[in-house]
Structure formats: C-alpha cells, structure tokens
Amino acid sequence: MNVTSETAALLERLGVAKADFSGGDLIVRSPVTGEQIGALTSISPAEAGKAIERADKAFKAWRNVPAPKRGELVRLLGEELRAAKTDLGRLVSIEVGKIPSEGLGEVQEMIDICDFAVGLSRQLYGLTIATERPGHRMMETWHPLGVVGVISAFNFPVAVWSWNAALAFVCGNAVVWKPSEKTPLTALACDAIFKRAAARFGADAPENLSQVLIGDRAVGEVLVDHPKVPLVSATGSTRMGRDVGPRLAKRFARAILELGGNNAGIVCPTANLDMALRAIAFGAMGTAGQRCTTMRRLFVHDSVYDALVPRLKKAYESVSVGSPLETSALVGPLIDKAAFDGMQKALKEAAGHGGKVTGGTRVDNGHDGAFYVKPALVEMPGQVGPVLEETFAPILYVMKYSDFDAVLDAHNAVGAGLSSSIFTLDLQEAERFLSVEGSDCGIANVNIGTSGAEIGGAFGGEKETGGGRESGSDAWRAYMRRATNTVNYSKALPLAQGVSFDIE
Ligand code: UN1
C-alpha cells in the first residue's frame with residue numbers, strides 16, 4: 001500500500017470523514033516520500049471567530065460541571081487514545097516522519113497527561129489563609145479562564161495539544177486548537193478521538209468544547225487577537241513567539257510560549273562515557289534534531305575529549321537514516337526542503353568559522369520530494385556564528401573546555417536555553433549545575449540527555465520566556481484564575497487594622 005492510501009485507511013479507522021481531508025486547498029505531504037496525503041479545506045478568519053464564540057458558549061456550560069466529573073471526560077479520552085494508539089502513532093510517523101517508537105511515544109505522552117489530569121481534577125486546591133480580622137475566614141478559589149487557544153508546531157503534532165487540552169478541560173475551559181499547517185491530519189484524528197470520548201461521557205459535555213481550526217496564519221491570528229480567548233498556549237519558533245507574545249500582552253491575555261531550544265550538554269572529567277555517548281546520540285540525533293529539546297551544543301572537557309568524540313563521530317557515521325515506515329532506521333526525514341536548506345546554510349557558516357563537519361549530507365531514498373540527511377557533528381573552535389542560534393535540524397556543535405566556571409558561562413551564553421544536561425560523577429559539579437549559578441534553563445538534568453522530558457514535571461520554559469509552564473507540576477494554575485474570598489461570620493464589621501469609618 002502506498003503512503004497516500006495507507007493514510008486514507010488510517011484516517012477512516014480513526015473516524016475522520018473522507019470529505020474532511022480531500023478536495024480542499026490545504027495540501028499536506030508526507031515527509032517520508034514527499035507524496036500528497038491530504039487536501040483539507042481551510043476556514044476563513046470570520047469562521048474562526050465564530051468557532052471561538054461557540055467555544056465560549058461551551059465554556060459557560062462546562063464550567064458548571066464539577067471538576068472531578070470533568071476529569072471523567074479526560075479519563076475517557078485517555079481510554080480512547082489507548083485504543084487508537086497504534087493507528088495514531090503510525091499517522092504521526094506518516095505526517096511528520098518520526099520513527100515508530102517516537103510516533104507511539106508521542107501518543108503515550110498524551111495518555112500520560114490524561115492520567116495526570118484525571119488525578120488533578122480532584123486536586124485543584126486553593127489555600128486557606130490566616131486573616132487579620134476576627135470572625136473572618138479567607139481562602140482562595142480557582143476558577144476556569146474561558147476559551148484556551150492552542151497553537152501547535154509540526155514536530156509534536158498531537159502531544160502538545162493534549163498537554164494543554166487535558167489540563168484545560170479538567171480546569172473547566174473550552175479549547176480551540178490551530179495545528180501546524182504541516183500536520184492537520186493528526187489534528188483531525190485527535191478531534192475524532194475526542195468526540196468519541198465526549199459521546200461516551202454524555203450530554204454534560206457541551207457541543208464545541210473542543211474544536212480544531214484548519215487554516216493558515218490568519219486563522220491563528222484570530223485566536224491570538226480575539227477578546228474571548230484569555231489564554232493562548234503557542235508552541236513554535238522564537239520568531240513566532242516574538243509576534244504572538246506582544247499581541248497577547250496588548251490585550252492583557254495570558255501567554256504560554258514554548259519556543260526555541262539551543263540546548264547544551266557538558267561532559268566532565270568523571271563522566272561515565274558510555275552513558276554520556278548514548279544520551280548525547282539520542283538527544284542530538286533523535287527525531288532528526290527536530291525537537292525543541294534536541295541537544296545542539298556539547299562541551300567536552302579536554303581530558304576526555306579524545307576518549308569520547310571519536311566514538312561519537314563513529315556513531316554519527318554509522319547511524320541508519322531512512323524511511324520510518326519501511327525500515328528500522330533510527331533517523332527519519334526532515335520535515336521539508338526548507339529544513340534541509342536551513343541545515344546546509346548553518347553547516348556552511350560553521351565551516352566558515354573553522355568548524356570540522358562530519359556528516360550533514362543528503363541521503364537519497366528514491367524520492368525527490370523527501371529530505372533525508374546524515375546527522376552532522378561539527379567540531380568547533382569556539383561558540384561562534386550558527387552555534388549561537390537554533391537550527392531545527394540534526395546538527396551537534398562540539399567544543400572543548402578546560403575550566404568549569406568558563407563552561408557554565410558558555411553554556412548560558414545563548415538566548416533560547418530550554419533544556420540542559422551535565423554528565424559527571426562529581427557531586428559538586430552536578431549540584432553547581434543545578435544551582436542558581438548553574439544552568440539557566442527550564443530543564444536541567446544530570447547524567448541524562450536534554451530530550452525526553454516526562455509530563456509529570458512542568459515542561460519547557462526557555463529562559464527568555466521564563467520557566468516551565470506546560471503539563472505537570474502546578475502548570476494547571478496557568479489555565480485558571482485565582483479569586484481570594486473573605487467571609488465575615490462575626491456580628492461586627494472589623495475593617496483593616498487601624499482603620500475606622502464611623503457612620504450613623
Ligand atoms: C518539543 O520538542 O516541542 O522532552 C517538545 C521531549 C518531549 C517534548 C519535546 N517530551 O523531548
């Protein structure tokens with residue numbers, strides 16, 4: 001079966017009507033072969049506005065459903081995702097080019113966040129606070145926000161929606177999702193899966209609680225600018241974030257921005273090199289370097305450089321690159337030609353700055369419209385040129401260091417620090433890396449790589465946008481608003497300390 005007909009069969013099994021992915025203007029291609037796999041119909045900005053109005057209506061009903069009951073809907077979503085895991089994971093592989101374990105792994109993250117959110121639906125706690133007034137009680141109540149907008153990127157086409165949606169639903173919000181134009185098919189599949197969960201849940205799940213907007217940037221802009229969307233969670237490039245952030249700020253809406261990641265690892269003299277090698281290889285080459293958590297810079301202490309880097313280069317030379325659908329390759333394709341061109345440009349610039357490049361060349365897989373590359377390892381004389389920027393492709397810049405303080409500074413010298421790792425058995429180095437004067441990233445790890453974060457911790461938070469705020473920990477608070485309530489159960493009306501206000 002070719003990719004196009006397999007996609008159609010998968011979508012049908014997942015519950016997406018043929019008319020929803022054929023005959024339209026938005027052409028979707030599989031990066032695996034470059035073939036067309038869908039032609040969806042884009043909606044207009046006016047239609048997007050109407051969808052938001054419908055979502056607002058849904059929110060007004062949903063907010064009155066008790067939170068633990070809302071959790072039941074998310075529990076059913078988790079069940080439906082378990083049932084659809086194989087098909088949805090395969091669809092992710094087709095639409096994004098992820099290898100099978102990564103396609104399935106992404107769906108597993110969706111299941112995990114559903115489980116997390118179900119528990120959370122019984123734990124949306126507020127504090128009770130000692131009040132200074134006699135006969136009073138003061139407490140916090142957390143209320144849902146309204147319509148939550150989700151804008152997602154191609155590289156995590158389904159998980160990112162679920163990290164936001166599962167929390168937003170249990171918190172009592174409605175969700176309107178604008179997926180990447182490169183990955184609308186997996187979004188339609190998620191929508192169908194959600195609808196099955198909602199049908200099982202019954203009439204208490206209002207119509208339009210969850211909607212998907214198919215369209216281009218103009219549709220996303222409606223979500224960003226609409227007064228009835230108090231929170232937009234947007235994942236994508238730093239450039240996109242610089243546009244979205246100020247627009248939201250202008251109308252005092254909240255933003256959760258998950259943007260670039262120019263992430264680094266540090267290999268110290270005492271590191272377990274076998275462990276480091278595996279972690280670096282996965283962190284740097286996994287998902288063909290197209291994760292915001294991809295390891296892009298590596299600092300290796302000069303005492304272990306010659307023991308590690310030649311082995312790493314060997315791993316780069318021997319890694320299998322190929323179709324994730326037909327082979328057991330560890331590295332699949334880049335998303336498109338623009339990604340390939342961006343990678344080549346960065347490699348050229350790196351060479352111009354004295355970088356020694358291993359790999360990076362195109363791998364022919366028999367399809368002109370598909371872009372496979374050998375991951376590139378570039379030994380750099382210093383942190384210059386493209387090393388300071390995030391290129392969304394498998395390039396690892398390797399540099400030598402000798403002084404721990406200097407390497408901490410170099411580690412923190414880029415803008416988009418999101419995730420970070422240190423490989424060391426030295427307690428002082430490890431703890432300093434995690435301390436206030438160590439890594440400045442939202443994710444800081446010891447003896448594991450930069451990628452593969454679990455949903456239990458708050459995800460992301462490159463330093464420029466300020467700390468992890470998605471999925472686990474207490475990230476739910478971003479999807480709710482806090483009210484402080486004071487109740488007077490005395491027979492008097494004590495004012496604040498020292499204030500008197502006598503009237504007849
Ligand atoms: C992303 O690349 O946008 O930590 C998210 C990881 C994944 C999430 C990546 N759990 O690599």
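The shown structure was predicted, so the numbers you read here are calculated from the model rather than taken from an experiment. Counting starts at 1 for both ligands and their atoms, following the listed order. Just so you know, these numbers use all the heavy atoms, side chains as well, and skip hydrogens, waters and symmetry mates.
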> Do Thr235 and Ser152 meet the criterion of a side-chain donor-acceptor pair at a distance under 3.5 Å?
Replying inline: no
>> Holding to ring pair (Phe, Tyr, Trp, His ring centres under 6.0 Å), I want the full list of residues that pass it with Phe340, two or more places apart in sequence or in another chain.
In response: Phe371
>> For Glu95 and Thr183, which I'm curious about, is there any donor-acceptor pair between the side chains at under 3.5 Å?
In response: no
>> By the salt bridge (Lys or Arg N to Asp or Glu O under 4.0 Å) test, which pairs, at least two apart or in different chains, include something from residues 329-339?
In response: Lys182-Asp336, Lys337-Asp341
> Residues in side-chain hydrogen bond (donor to acceptor under 3.5 Å, both in side chains) with Trp163, at least two apart?
Replying inline: Glu109
>> Distance under 4.0 Å, heavy atoms only, partner ligand 1: which residues pass?
In response: Glu109, Asn155, Phe156, Trp163, Arg291, Cys292, Thr293, Ser451, Gly452, Ala453, Phe459
>> Do the side chains of Arg239 and Asp243 get close enough for a salt bridge, i.e. N-O under 4.0 angstrom?
In response: no
